[in-house]
Structure formats: C-alpha cells, structure tokens
Amino acid sequence: MDLYQELILEHSKRPQHAGLREPFEAEVHHVNPTCGDEVTLRVHVEGEGADAVVRDISYDALGCSISTASASVLAEEVIGRTVAEAMVTHEAMRAMLTSKGEDPGDEDVIGDGVAFAGVAKYPARVKCALLGWMAFTDALHQAGIDTNSTTTAP
Amino acid sequence: MSNATTATVFDDGELARIRAGFPILTRTVRDGRPLVYLDSGATSQRHTRALDAERAFSEQVNAAVHRGAHQLSEEATDRYEQARATIAGFVGGATDEVVFTKNATESLNLVAYGFSNSVAGQDKDPRLSLGPGDEILITEMEHHANLVPWQELARRTGATLRWVGVTDEGRLDLDGVHGPALGELLTDRTKVFAFTHVSNVLGTVNPVRRLADAARSVGALSVLDACQSAPHLALDVADLGVDFAAFSGHKMYGPTGIGVLWGRQDLLAAMPPFITGGSMIETVRMEGTTYAAPPQRFEAGSPNAAQAIGLAAAIEWLQELGMDRVHAHEQALTERLLAGLAERPWVRVVGPVDGVDRGSAVAFVVDGVHAHDVGQVLDDQGVEARVGHHCAWPLHRRMRATATTRASLAAYTTPAEVDALLVALDRVPDVFGVAS
Ligand SMILES: Cc1ncc(COP(=O)(O)O)c(C=O)c1O
C-alpha cells in the first residue's frame with residue numbers, strides 16, 4: 001500500500017521527540033472528533049516574531065499511524081528552526097496534503113514529510129496528517145507568536 | 001432469542017434476488033475491487049423499490065401535503081398518510097402515533113424538548129415537567145443522539161442525569177457489578193429512562209421489556225432508540241412496553257431525510273410542539289396560536305413526503321421478506337464473523353463474543369494497530385467498514401478503546417462478504433509488522 005511508506009511506519013513505531021517536556025511556553029490539546037485521535041503538544045520558543053527559534057516540540061499523541069508519524073516528523077523537521085522556516089514547512093505540508101495527489105511535496109522543504117504524499121489521495125486521512133501541525137500552530141499563537149506575519153517572510 | 005443457526009436462511013438464489021434490489025452492490029471500489037459493503041449500521045443501501053416509489057410520487061403526484069384542496073394535493077396527502085399507516089403497522093402502533101421527522105436524532109430531540117422546565121409554570125403535564133431533584137436516566141452505551149439531548153435537558157431544567165454502566169462483556173450493568181444497579185438508579189425521582197434497543201457498537205440487544213416495566217413501576221417514561229433494531233428484527237411497541245421509540249429511514253433500506261418517532265397517543269397529546277410554524281396549528285391569531293392534534297402538531301413545515309413514501313416502500317419490501325428471516329440470516333452471519341474473529345488471537349471483539357442476545361454490529365480492535373489504519377487496509381481491498389468511535393465516545397472510553405473498527409451486516413450481506421472481511425483483516429499484521 002503506497003499510503004503506508006516505510007518512513008511513516010518507522011516514525012509511528014518510534015516517534016521522535018515524543019513525551020512532554022519542560023520548559024514550554026504553551027501547551028495545547030487537539031482532537032479529531034470523528035475518530036477520537038488526540039494530541040497534547042508543547043512548544044518552547046526563544047526570541048520574538050519570525051526570528052523566534054523553536055527550541056523544543058514535545059508531545060503525547062494517541063492516534064493512528066498517520067497522525068503519530070506526522071507529529072514525529074513535525075518535531076524532527078521543526079526543532080531548531082525559526083518560526084518563519086517552520087511556517088514555510090507547514091504551508092508546504094498543507095499544500096501537498098490538500099492537493100488530491102497533484103503535489104508530490106518537496107523534500108528540500110519538508111524532509112521526511114514527503115512520505116505523506118500518498119495521504120493526499122485519501123481525503124478522510126488528511127485531518128490525521130494535519131492534526132499535529134494544527135496543534136503546533138495553535139501552540140505558537142498561545143505562546144504569543146504571530147505566525148501570520150511570518151508566513152510571508154523569506 | 002438467538003438460536004444458533006448454522007445455515008444462512010437466505011439461500012444463494014434468494015440472496016441474489018435480494019441483492020438485485022441494490023444496484024450499488026455491483027460497483028467496484030479502489031481500482032476495480034468488488035465492493036464489500038459492511039457499514040449498513042451507519043447507513044444501509046437503498047432498495048430500488050424505495051427509490052422507485054419516491055420517483056413515482058415525484059413524477060405523478062407531487063403537491064404540497066396537508067395544504068390545499070386540489071386533486072393533486074389530495075392525492076399527495078393520501079399517499080403520505082398511507083405511508084404513515086404502513087409504518088404504524090410495521091411497529092405495531094396506531095397511525096396517529098407515528099410522527100415523521102428528518103431522522104432519529106430529530107425524533108429523540110423532539111421527545112427531549114417535549115419535557116420542560118417545571119418552574120416555567122403553566123398547565124404542564126406533570127409527567128413531562130422536570131426540575132431540580134428530578135432525574136433523567138440513560139445508559140453508558142448510548143449513541144450521542146440518545147445522550148447529548150438528555151444532557152441538554154438536564155442543563156435546561158436543573159434535573160440530574162444518571163446512567164446505567166456497561167460490563168466488561170458489553171452488557172448493561174443492571175445488577176451493579178461495577179457501579180450502581182438498575183434498582184438504585186431507577187427511583188421515584190426518575191422522570192424518564194432513555195435507552196437503546198441494540199447497541200450500534202457492541203451489538204448488544206438490551207432486555208427492553210424488563211427496562212420499560214422497571215421504568216413504569218417508578219412512574220418514569222421510557223424512550224427507546226430503535227435505530228439498530230428496526231432494520232433487523234420484528235418490532236412491536238406494545239410488546240416492548242415502551243412509551244416512545246425512534247428510528248431512521250436511511251438505516252432500513254429507505255431514503256435519507258426521513259425518520260420516525262412513535263409515541264403513545266396520550267403522551268403525544270400532552271406534549272408541546274418542538275418546532276412550530278405552518279401545518280402544525282389549529283387556529284392562529286396575532287395574539288396567540290393553538291396547536292393541531294398529534295401527529296400534525298409535530299410536523300411543522302412542508303414534510304419530506306417523497307422520502308416518507310420511499311421509506312414505506314422499503315418497509316413493505318422488508319415485510320414481504322419477513323423480519324424473522326432477516327434476523328435469522330443476520331444472526332447466522334454474525335456467528336460466522338464472530339467465529340472467524342475468535343480464530344485470530346490478535347483481534348479483540350468489543351462487545352459480546354457469542355451470538356446470544358446480539359445484533360449484527362461487530363466492533364473490534366487489532367492489538368497494536370489503530371482502527372483508522374485497520375480500516376485503511378480493509379478499504380484498500382474493497383471492504384468498507386467503519387472506524388472511529390461511531391458516535392459513542394463514552395462507551396469507547398468505558399471499553400478502553402480509543403477507536404474501533406466496526407463491521408455491520410444487513411439482509412443483503414453474504415457469507416462470502418464476511419469471509420472477505422476476515423481475509424482482508426489478515427493483511428493488517430503484515431502491513432504494520434505486529435505479531436499475528
Ligand atoms: C443507535 C443509534 N442511535 C441513533 C442514531 C442516529 O441516527 P441518525 O443519524 O439517522 O439521526 C444512530 C445512527 O447513527 C444509531 O446507530
């Protein structure tokens with residue numbers, strides 16, 4: 001099955017950066033009401049605005065392989081990056097996942113995220129793949145980071 | 001009630017005739033795989049007789065029902081009322097005890113909104129008025145449609161919501177093994193007891209007569225969620241002894257947009273309307289309005305007449321088939337499925353593991369694999385089952401499952417389809433590298 005790429009299965013079995021850690025500026029809890037998947041996610045950022053650096057993303061995910069692997073890839077790709085870079089990755093993931101299979105994803109931008117390209121063909125699963133990302137952007141907002149002003153930043 | 005039948009009651013020829021009434025069953029999914037539809041508990045496929053009846057009504061009779069005196073309107077009204085009579089006959093009630101709604105969810109809300117706040121005063125029927133100190137009893141295995149409206153009623157009136165728990169096996173904990181027993185929960189404070197006939201997740205068939213009698217003995221009204229029983233077994237509201245029963249047309253081979261509330265005549269007569277407007281009035285003055293008698297009182301606005309007629313046609317088809325035979329057929333298939341699952345130790349059935357007092361919804365979890373992923377592997381092989389919490393989140397929490405995969409059977413399900421599910425399931429441990 002092209003949906004379950006080896007990378008996805010690996011990340012779901014051994015989620016990177018999993019567990020909830022200190023310090024953090026915001027913690028959010030997101031659910032997927034149709035299947036009951038849940039993720040609790042914390043962010044630790046340093047600095048202000050677009051130049052703020054994501055020092056840590058820690059999470060506790062209870063869900064399918066797609067949502068768990070997606071949270072794992074999110075943490076792997078984004079920890080250590082600036083908020084501006086994280087938003088570029090998020091936007092590229094979202095575009096790929098909602099492209100109905102047209103956009104294969106750019107490995108240079110989304111790294112292991114390309115393994116999720118197959119999810120775009122299953123509209124019911126897109127929410128699973130985006131759950132962690134939605135929680136992450138929400139957590140940034142709650143931490144007082146204005147991600148809108150950063151999305152267009154270079 | 002379940003005789004362990006080994007042979008399916010519909011033979012191959014009869015099953016083929018049944019399936020011919022459902023053209024969708026011949027389509028393919030996911031790159032040409034034959035469709036194995038095992039999600040009839042969510043929505044069943046529609047019989048061509050239901051579709052034909054809808055179309056014939058629309059092409060030849062369509063006009064506003066209960067409005068106007070021209071010939072078409074008379075004929076349309078007549079067909080709509082015939083549909084009501086057919087449904088009344090199907091559940092063993094009187095024709096004016098049948099209210100058409102949009103779906104079971106609306107039917108249940110109609111009843112919940114029929115109860116009102118006792119402090120709001122006026123000449124309310126004491127059976128239907130609630131306040132602080134009064135109690136509403138439900139169960140932990142309810143679909144959200146028979147749960148949230150009661151939580152809301154409690155919130156509006158200050159009454160307390162209580163519930164009967166569920167055992168590890170997936171039956172109502174009536175004897176109080178894990179929590180309070182029915183006798184402690186159902187007291188003279190209880191005004192209403194709402195419960196499902198058959199669980200849409202566990203498949204459990206509840207002892208309706210016993211529960212309805214217990215409610216009556218303390219002066220509480222009983223409300224039955226018959227969504228998962230009306231399509232599968234012979235219903236007789238008088239035998240069951242309940243005060244209200246709700247079900248949906250789209251789960252019993254009929255159209256969407258049509259549901260039914262059956263209610264005891266004297267109770268419907270005492271109940272205020274839920275939705276108000278045209279077609280539900282007796283007289284209207286600028287100063288105020290008096291309401292029509294039931295069932296019209298509860299059918300404000302232009303109804304889904306063609307869909308009511310479609311549902312009646314589906315029900316006539318079921319009656320010709322015989323509900324006893326439908327039940328025996330599904331029972332045999334359920335036992336086949338349960339036996340197959342029992343041979344797979346990596347599968348845990350959530351609900352009764354044998355066919356006793358059990359309907360044909362079978363939910364299960366695969367060790368170490370989330371239901372969404374199980375469903376995806378099945379779907380890839382053309383097997384359409386439901387994954388998630390099936391609108392029964394508290395029940396899933398109780399059964400210690402985040403989500404389950406559910407197969408639900410119907411009159412058109414074949415033994416080969418049950419086997420196809422089992423074979424498809426065997427791929428799950430391989431794909432996810434878990435022990436099988
Ligand atoms: C047991 C049960 N109750 C209530 C409902 C609600 O039915 P509907 O969504 O048609 O209103 C369903 C189906 O979804 C059900 O299975």
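Quick note on labels: first sequence line is chain A, next is B, and so on, each numbered from 1.
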Problem set entry | Residues of residues 127-136 of chain A near chain B, each having a heavy atom less than 4.5 Å away | A/Cys128
Exercise. Just wondering, are more than 12 heavy atoms of other shown residues or ligands nearer than 6.0 Å to CD in B/Glu169?
Worked result: yes
Problem set entry | When A/Leu62, A/Asp37, A/Ile66 are compared by non-hydrogen pairs under 4.5 Å with chain B, the top option | A/Asp37
Exercise. Side chain, backbone, both or neither: which part of B/Arg30 has an atom under 4.5 Å from a heavy atom of chain A?
Worked result: side chain
Would you be so kind as to tabulate the donor-acceptor pairs closer than 3.5 Å made by side chains of residues 101-110 of chain A, with sequence neighbours excluded?
residue: A/Asp103; atom: OD1; partner: A/Gly105; partner atom: N; Å: 2.8
residue: A/Asp106; atom: OD1; partner: A/Asp108; partner atom: N; Å: 2.9

Seminar exercise, completed: Within residues 360-374 of chain B, contacts to chain A at heavy-atom distances under 4.5 Å involve B/His370, B/His372, B/Asp373
Exercise. Around atom CG of B/Asp31, are there more than 12 heavy atoms of other residues, nucleotides or ligands at under 6.0 Å?
Worked result: no
For this session: Give me the contact list for residues 7-20 of chain A versus chain B, heavy atoms only, anything under 4.5 Å, ordered by residue number.
Result: A/Leu9, A/Lys13
Seminar exercise, completed: Note: A/Ser65 and B/Phe432 closest approach over all heavy atoms is OG-CE2, 4.0 Å
